[in-house]
Amino acid sequence: MEQLLQEFKGDLTEFREMTKKFYAGEVSKKDYKGFSGGFGSYAQRDGKTSMLRLRLPGGRLTKEKLKFVADVIEEYKIKKVHFTTCQTIQLHDLSEKDVCQIMEKAFDAGIITRGGGGDFPRNVMASPLSGVEAGECFDVMPYAMAASDYLLHFIKTVKMPRKLKVGFSNSPANETHVTFRDLGFAAREDGTFDVYSAGGLGRNPMMGVQVASHVQPSEILYYIKAMVDTFLAHGNYENRGKARTRYMQETLGAEGYRAAYLEMLEKARGEDLELSVQENPVKKSGDGTHLSGRRVIAQKQNGLYAVSYHQVGGVPETAKFAELYAVIESMEDVEVRIGPDEQIYIINLTGEEAEKVLSVTADSARTLFETSVACIGSTICQIGLRDSQSVLKSIFEEVEQYHFADGVLPRIHISGCTSSCGTHQIGALGFHGGVKRVDGTAEPAFTLHVNGSAREGGERFAEEWGLILQRDMPAFFTELGQAVEAEHTTYEKWFAAGPEKLRKIAEKYL
């Protein structure tokens, strides 16, 4: 592993050279994107600034890594940071000099950006409260970390058709969408995994194919090797639009894909990939302080708590990183976890410590609706069609004056395009950006998606109901909130009692 890390570090010279050429106008935006993505960086839409994605396996942000982020924010005067739905941190509006320097400093801080974009294994995901969540099947975090280390080796050794996303889930809540990911490991109560493959969100979404059941955690690397080899053998190298793993279900059929995968699995078993993982259970004790509240989560460790924190669209005030670090710096075993819905969790807190964290994060979302998810949007993203961040804020501003009770409106998911970086296809209500013609004029609009779910056993992609003009979205949510509130219930119960009520409201705007 150390040799590989040194090779990654040596690659930074090439990144500096190519980035210098891009900013000098010697390399096109398209060609630069094809190169820089492999380093976790992309030029932003204006072509004058860069984004850097910090790869954080399992969404783990230790105190040391939190301090690094806080320090670079201060040193480089960074004004925009985004928590992504793949449990990473994106730093935005970076200059040529800044992106190169921060990438190198991140490496020295133990944060590898290599493979953060491009046609590589991406950030390995894990349920954010794994290891501390009451009712979880078992702690999947050690296996996610081992999988991440293993996948790094493929960055230098194979050329995949497209990116590969791997995730681990600790319960049927399936926060990391493992049953419809390129490769997903769903924990079972008996201490084993069910394995799903060749699924994914985005254009033409597909549920994963279950390729194995009751897999021992020590054997997960065989399944990862089989996934890579199946992708190399059957992935589409000619058409990037058809090069994600889910399209192998189209070319081979679900049963044909399963057979092809199992054939590669049998070959992989000829290698020595057995894992021996050291689990590190939390040994910290509580202080006798008992807490409750919508942002307080009692851990399975008696007397310990996690605190959730969510700012609009997953874009926190940049000063918050330093403020949070100052509070938790001296707290034993405390770390931050980034969730797939753009929130963070501060875990392993005593009651007294949790009170301090609650205070420094008092600007968090107050309702389920305010924890809504949005991708970074078209003002920054090269391929985005609509500014998802802006439309989310406009909805909030309109709805705020009505003071709806918590739960009257659901968490919504907004993507600026069909790529589903805002995971719009699995939200109770989701939207993806597009255009709608009104009197012959193309106007900004979003396609409405209804009744998606990620929960294992009840997974479903949301139905597309039609296009709503961007300017009408605040009015739509106002009317929806008023209808639900009039029945003194929550959106979840209101919709379950009769979806036709939502359709009647929506038809006015579609």
Side-chain angles (χ1 to χ4, degrees), residues 86 121-122 124-127 130 136-140 143-144 146-147 150-151 160-202 204-236 242 244-269 273 275 340 420 423 425-426 452-462:
C86 284
R122 298 294 186 85
V124 174
M125 296 178 66
S127 302
S130 190
E136 69 178 352
C137 295
F138 62 93
D139 182 7
V140 302
Y143 303 101
Y150 179 64
L151 280 163
M160 295 192 300
R162 286 288 296 277
K163 57 191 171 185
L164 181 71
K165 295 183 176 181
V166 177
F168 291 76
S169 175
N170 69 344
S171 78
N174 196 19
E175 291 178 86
T176 46
H177 316 151
V178 299
T179 56
F180 45 93
R181 193 159 284 280
D182 294 314
L183 183 66
F185 295 87
R188 299 173 55 97
E189 291 184 358
D190 63 2
T192 65
F193 285 115
D194 287 341
V195 183
Y196 296 82
S197 179
L201 298 177
N204 300 318
M206 290 190 186
M207 292 295 171
V209 176
Q210 186 171 348
V211 293
S213 186
H214 297 281
V215 172
Q216 292 299 323
S218 61
E219 297 184 349
I220 62 168
L221 299 189
Y222 292 108
Y223 289 82
I224 294 174
K225 180 65 164 61
M227 179 73 249
V228 172
D229 289 345
T230 306
F231 199 18
L232 295 177
H234 299 283
N236 191 325
K242 295 280 189 178
R244 293 299 303 275
T245 65
R246 60 183 178 272
Y247 290 101
M248 290 189 287
Q249 288 195 54
E250 285 189 357
T251 55
L252 300 174
E255 289 305 314
Y257 174 78
R258 182 184 288 107
Y261 178 90
L262 293 177
E263 180 183 350
M264 292 300 183
L265 177 63
E266 190 62 30
K267 292 179 180 179
R269 291 194 181 281
L273 297 176
L275 264 182
S420 206
T423 58
Q425 289 154 318
I426 49 86
S453 175
R455 187 167 185 83
E456 188 179 351
E459 304 95 330
R460 58 183 178 271
F461 298 135

Any side-chain heavy-atom pair of [X] and [Y] under 4.5 Å:
X	Y	answer
V140	F138	yes
D229	K267	no
D190	H214	yes
L252	Y261	no
P161	N236	no

| request: Please report the C-alpha distance between M160 and L232 in whole Å, then the side-chain angles of each, then the deciding distance to 0.1 Å, and finally whether the side chain to side chain contact (heavy atoms under 4.5 Å, CB included) criterion is met. | output: CA-CA 6 Å; M160 295 192 300; L232 295 177; 4.0 Å; yes
| task | Go through Y257 and S197 one step at a time and tell me if the side chain to side chain donor-acceptor pair (under 3.5 Å) criterion holds. | result | CA-CA 9 Å; Y257 174 78; S197 179; 2.4 Å; yes
Between [atom1] on residue [X] and [atom2] on residue [Y], distance to nearest 0.5 Å:
X	Y	atom1	atom2	result
Q210	D194	CD	CG	4.5 Å
I426	L201	CD1	CG	6.5 Å
Q249	H234	CD	NE2	13.5 Å
Q216	L275	CD	CG	12.0 Å
F231	L183	CZ	CG	11.5 Å

Between [X] and [Y] (side chain of the first, backbone of the second, donor and acceptor by atom type, cut-off under 3.5 Å), is there such a pair?
X	Y	result
E175	P340	no
R181	T176	yes
E136	A187	no

| query | Which residue pairs satisfy the ring-ring contact (aromatic ring centres under 6.0 Å, His included) criterion with at least one member in residues 169-191, sequence neighbours excluded? | reply |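 For residues 169-191, and leaving out neighbouring residues, the ring-ring contact (aromatic ring centres under 6.0 Å, His included) pairs sorted by first residue read F168-F185, H177-F180, F180-F461, F185-F193.
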Quick one: closest heavy-atom pair of [X] and [Y], and the distance?
X	Y	value
P217	T192	CD-CA, 4.3 Å
P205	Q425	CG-NE2, 3.5 Å
A147	V124	C-CG2, 4.3 Å
A462	G452	CB-N, 3.6 Å
G202	S420	N-CB, 3.6 Å
V178	A186	CG2-CB, 3.8 Å

| task | Give the C-alpha distance, both sets of side-chain angles, the deciding distance and a yes or no for side chain to side chain contact (heavy atoms under 4.5 Å, CB included) between Y247 and R162. | result | CA-CA 11 Å; Y247 290 101; R162 286 288 296 277; over 6 Å; no
| message | Apply side chain to side chain contact (heavy atoms under 4.5 Å, CB included) to residues M227 and V166 and explain how you reach the verdict. | response | CA-CA 10 Å; M227 179 73 249; V166 177; 5.9 Å; no
| said: Looking at E189, I want to see if its CD is surrounded by more than 12 non-hydrogen atoms of other residues, nucleotides or ligands under 6.0 Å. | reply: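 No, the 6.0 Å shell around CD holds no more than 12 heavy atoms from other groups.
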| message | One pair to check against side chain to side chain contact (heavy atoms under 4.5 Å, CB included): Y150 and L273. What are the steps and the verdict? | response | CA-CA 10 Å; Y150 179 64; L273 297 176; 3.7 Å; yes
| Residue of the set R244, R122, K165 for which salt bridge (charged side-chain N to carboxylate O under 4.0 Å, His left out) holds with D182 |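 The single option meeting the salt bridge (charged side-chain N to carboxylate O under 4.0 Å, His left out) with D182 is R244.
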